[in-house]
2 protein chains.
Amino acid sequence: MNKPMQLSSTKASSSIYDLLRRDLVGGRFKAGEKLAINTLKEQYQVGLSPLREALNKLAAYGLLIQENQRGFRVPKLSREELDDIARLRTELEGMALERAIAHGDAVWEADLLAAAHRLKRADITLDKGEEWERLHTHFHRTLVAPCGSVWLLRFIEQLHDQFDRYRRLGPKMPTIRQELDEQHHELVELALQRDATAARALMDDHIHKSYEVALARYQQHA
Amino acid sequence: MNKPMQLSSTKASSSIYDLLRRDLVGGRFKAGEKLAINTLKEQYQVGLSPLREALNKLAAYGLLIQENQRGFRVPKLSREELDDIARLRTELEGMALERAIAHGDAVWEADLLAAAHRLKRADITLDKGEEWERLHTHFHRTLVAPCGSVWLLRFIEQLHDQFDRYRRLGPKMPTIRQELDEQHHELVELALQRDATAARALMDDHIHKSYEVALARYQQHA
DNA sequence: TTAGACAGAATAATCGATTTTTTAATCCAC
DNA sequence: GTGGATTAAAAAATCGATTATTCTGTCTAA
C-alpha cells in the first residue's frame, strides 16, 4: 500500500473513522489488502481501542471485511459488483430524486444552486482533488436530501462510497469530468423546473456516464 | 429495560454481536433507552473490548445511536420511520423478488418449498417465538436470495431488522399471523409459476398487512 | 429565589500489557 | 525428498487499569 500517514487528514478534528473512510474510498489501500493493525496505529497515530472500534464500524458499513480471528481486509473489486452498485444507484437515486422534486422547498432550491456553483468553482488540482470530491459528494447529497426517507438516503450514501472505490482508482482525469460537470447544472435546472421525469432520465444518464468512467478505471487497474 | 441476561442466547457459540442484535430487534430494550455498558458487560458476561466493538458495529448498522462521548442509545421509534421502512421494503423487496423469479433455479425452488414448510410447521409457542422468527426471516431471505444483487440483499436485511423492531413490540398475537402465513405459501406458488407481476403484487400486500400489524403494535406501545 | 459555578461521583473512552489464535518455519518419520 | 506434526514467531483479540468526560447535586452570590 502507499502510505496514507496522518497527513491525509486536512482537519485535525477528524476522527480516525472519518480518516480511514476517506482513505478507503479514495483508494489509498489496495483492494484485497490485509490491514496490519499495528502499522495503522503508527501511521494514524491513534491508540488500539479507537482504531479497532473504527475498523469494526467500517466493516459493518461495508468498507472492510472482517475475517474471523484474522483481522481486517479491504474488499476485492469486481466487475460484477460495479455493475450491481451502478444499477442500484440508478434505481435508488432515481427514486429519491423524484421524491425530492416533489417535496423540496425554496431552501432546497437555494442549496442546490449553491452546491452546484461551488462544485463548478472548485479547484480540481487542489489537495489531490479531495476538495472537489467533497463538494461533489455534497452536491449529490443535496440533490436528493428532501426525498423524505432517512433510510433511502443512508443506502444511497453507502452506494456512493462503494461506487467511488471504483471511480477513484488510478490518477485524476479532468477530461471526462467536463461533461459530467455540465450534467450537474442541467440536473439543477430540471429540479428547479420540477420536471421529475426529465430529471430522472438525466440522472440515469449521469450515473451511466460515471459508470463508464469507473469501469474504464477498473479495467486498467490491472 | 427487562433483563436480557445471557440466557437469551440459545446457542452458546453466538457472538456478543449476534446476541445484542437479536435482543435489539426482539425489543428487549426500550426504544430511546441509554445502554449502561458496565451493566451489559455483566448481563452478557463479556469483556469491555468485545462489547464495545459489537456496539460500534450495531451503531454502524443502525440498531444503535452512538452519541459523541456519551455512549450508546437505542433509537427511538416513530410513525414516520415505520412508514418509511415499510415503503422502502415494498420497493426493494418487490424489485428483488422480480429479479429472483427471473434468475432463480431449481435449487432455489426446492429451498423455497423447504423454508415455507418449516415455517408452517414451526411451533410458535417455543422459545418465545424465537424459532418462528428465525424461520420467518430465513423464508423471506430465501425468497429474494437469487436476485443477483449483494447490496440489495444487504439493504433488505437491514430494513427487515428495523421493521421487526416495530412488529415485535408487545406480546405475540398468533391470530393475525394465520393470514400472513397463508401468504407465504401463495408467494411460493407464484414464484414457482414464475409469475413476477402477481408475486410482486402479493408481496406488496404481504408487507402492507405486516405494516398494519406493526403499526397497531406501535400505537398501543404507549 | 435562582442562575451559575464548583466538587464529587458516575460513566465513557483510552491505554498498556496479557492472552489467545494464526501463521511460518523446522524437524522428523516414512 | 515429501507429508505431517511440532514449535517458534507474529498478529489479533481481550483484559484490567487509567484517564478523560459527562452528569448530579450542592453551594454561593446576585
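Each chain gets a letter, A, B and so on, in the order its sequence line appears, and its residues count up from 1.
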Footprint string (nucleotides 6-12 of chain D, 5' to 3'): B base within contact, S backbone only, - free, heavy atoms under 4.0 Å: -----SS

Between [N] atom [atom2] and [X] atom [atom1], what is the distance in whole Å?
{"X": "B/K41", "N": "C/dA12", "atom1": "NZ", "atom2": "C1'", "value": "12 Å"}
{"X": "A/R73", "N": "C/dT22", "atom1": "CZ", "atom2": "P", "value": "15 Å"}
{"X": "B/L51", "N": "D/dT14", "atom1": "CG", "atom2": "P", "value": "11 Å"}

Ion pair check, A/R118 and A/E131, cut-off under 4.0 Å: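 No salt bridge links A/R118 with A/E131.
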
Carboxylate-amine/guanidinium contact B/R79 B/D83, below 4.0 Å: yes

Atom pair CZ (B/R89) and CG (B/L159), whose distance is rounded to the nearest 0.5 Å: 8.0 Å

Set of salt bridge (Lys or Arg N to Asp or Glu O under 4.0 Å) partners for B/E67, sequence neighbours left out: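 B/E67 satisfies salt bridge (Lys or Arg N to Asp or Glu O under 4.0 Å) with B/R73 once adjacent residues are dropped.
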
Qualifying residues under salt bridge (Lys or Arg N to Asp or Glu O under 4.0 Å), relative to A/K120, sequence neighbours excluded: none

Aromatic ring proximity, centroids under 6.0 angstrom, B/Y218 and B/H221: yes

Aromatic ring proximity A/H160/A/F163, centre distance under 6.0 Å: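 Aromatic pair excluded; centres sit 6.0 Å or further apart.
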
Ignoring hydrogens and angles, write down the donor-acceptor pairs under 3.5 Å from the side chains of residues 144-153 of chain A, residues two or more places apart or on other chains.
unit_1: A/S149; atom_1: OG; unit_2: A/L152; atom_2: N; d: 3.0
unit_1: A/S149; atom_1: OG; unit_2: B/D84; atom_2: OD1; d: 2.5
unit_1: A/S149; atom_1: OG; unit_2: B/D84; atom_2: OD2; d: 3.1
unit_1: A/W151; atom_1: NE1; unit_2: B/E81; atom_2: OE2; d: 3.1

Atom pairs, N/O to N/O, protein against nucleotides 7-10 of chain C, distance under 3.5 Å?
none

Might you list the N or O atoms of the protein lying below 3.5 Å from N or O atoms in nucleotides 15-19 of chain C, with each pair's distance?
unit_1: C/dC15; atom_1: OP2; unit_2: A/G47; atom_2: N; d: 3.2
unit_1: C/dC15; atom_1: N4; unit_2: A/S49; atom_2: OG; d: 3.3

Stepwise side-chain hydrogen bond (donor to acceptor under 3.5 Å, both in side chains) check, B/Y44 with B/D23: CA-CA 11 Å; B/Y44 290 91; B/D23 291 345; 2.6 Å; yes

Check: B/P75 main-chain N/O paired with B/R165 side-chain donor or acceptor under 3.5 Å: yes

